[in-house]
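Below: one structure, written as structure tokens.
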Amino acid sequence: MARNRVKLAYIENNAARKASYNKRKKGLLKKMDELSTLCGVEACVVIYSSADDSQPVVWPSTVAAHRILSDFKALPAVEQSNRTLTQESFFKQMIGKAEERLKKMREENRRMELTQIMFQIFGGRPLNTVKREDLNDLCMLIDQNLNAIDIRIQMLNESFVLQ
């Protein structure tokens, strides 16, 4: 059964907010334990709530959290920044990767479009119905294909000579 999306907004009701806080805190600590165990990474969590009168929650322990944080602080500044991401830098990375995938997909679509035009021309489509830009790109595609065929023929000839 699918769950409904939770509206992310401040919970006005004190009892509901405290119940949600405790449930999510427990879930976060469980996830950190799983991450640490499954991936073999050192991790720590500090949860502090000003509304909660108790001490901050520290996982796995205060001593372990101090050790992990001091180890991290002992790293050179360059290495620290390599391992940390702000929300802005994370989204910049994601946008960059998405733009790169989009560029590759556009190139592949263009290559497939030109291949289709090439086969249409072989099938009898008149050249005067093809755009000038497409003809120039088609010439480059045909040259690339011919070069790939030449390389393949050379490889086959070399392997035949070796036998």
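We find the CD-NZ distance between Glu107 and Lys104 to be 8.5 Å, quoted to the nearest 0.5 Å.
Connectivity analysis of hydrophobic side chains (ILVMFWY, heavy atoms under 4.5 Å, direct or indirect) links Leu141 to Leu114, Ile117, Met118, Phe119, Ile121, Phe122, Leu127, Val130, Leu135, Leu138, Ile142, Leu146. Under the 4.5 angstrom side-chain criterion for Ile, Leu, Val, Met, Phe, Trp and Tyr, the cluster partners of Ile151 are Met155. Grouping Ile, Leu, Val, Met, Phe, Trp and Tyr residues whose side-chain heavy atoms lie under 4.5 Å apart, directly or via other members, places Ile149 in a hydrophobic cluster with Ile153.
Remark: Lys92 engages Glu88 in a salt bridge (charged side-chain N to carboxylate O under 4.0 Å, His left out) (not counting sequence neighbours). Looking at residues two or more places apart in sequence or on another chain, you find a side-chain contact (heavy atoms from CB on, under 4.5 Å) between Pro76 and Glu79. Residues passing the side chain to side chain donor-acceptor pair (under 3.5 Å) test with Asn145, sequence neighbours excluded: none. Not a single side chain to side chain donor-acceptor pair (under 3.5 Å) links Gln93 to another residue, sequence neighbours left out. Scanning for salt bridge (charged side-chain N to carboxylate O under 4.0 Å, His left out) contacts around Glu12 gives an empty result, with sequence neighbours left out. Applying the side chain to side chain donor-acceptor pair (under 3.5 Å) rule to Arg111 yields the partners Glu108; only residues at least two apart in sequence or on another chain are considered. Under the side chain to side chain donor-acceptor pair (under 3.5 Å) criterion, Arg110 pairs with Glu113, Asp134, Asp137, not counting sequence neighbours.
Summarising the local packing, CZ of Arg17 is surrounded by more than 12 heavy atoms from other residues, nucleotides or ligands at distances under 6.0 Å.
At a threshold of 4.5 Å between side-chain heavy atoms, the hydrophobic network of Ile, Leu, Val, Met, Phe, Trp and Tyr places Trp59 and Tyr21 in one connected group.
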For residues 27-47, tabulate all N or O donor-acceptor pairs below 3.5 Å that involve a side-chain atom, not counting sequence neighbours.
unit_1: Ser36; atom_1: OG; unit_2: Val41; atom_2: O; d: 3.1
unit_1: Thr37; atom_1: OG1; unit_2: Asp33; atom_2: O; d: 2.9
unit_1: Glu42; atom_1: OE2; unit_2: Arg67; atom_2: NH1; d: 2.5
unit_1: Glu42; atom_1: OE2; unit_2: Arg67; atom_2: NH2; d: 3.0

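Between Met140 and Asn136 there is no side-chain heavy-atom pair separated by less than 4.5 Å.
For residues 115-133, the set of pairs meeting the side chain to side chain donor-acceptor pair (under 3.5 Å) definition, not counting sequence neighbours, comprises Gln120-Arg125, Arg125-Thr129.
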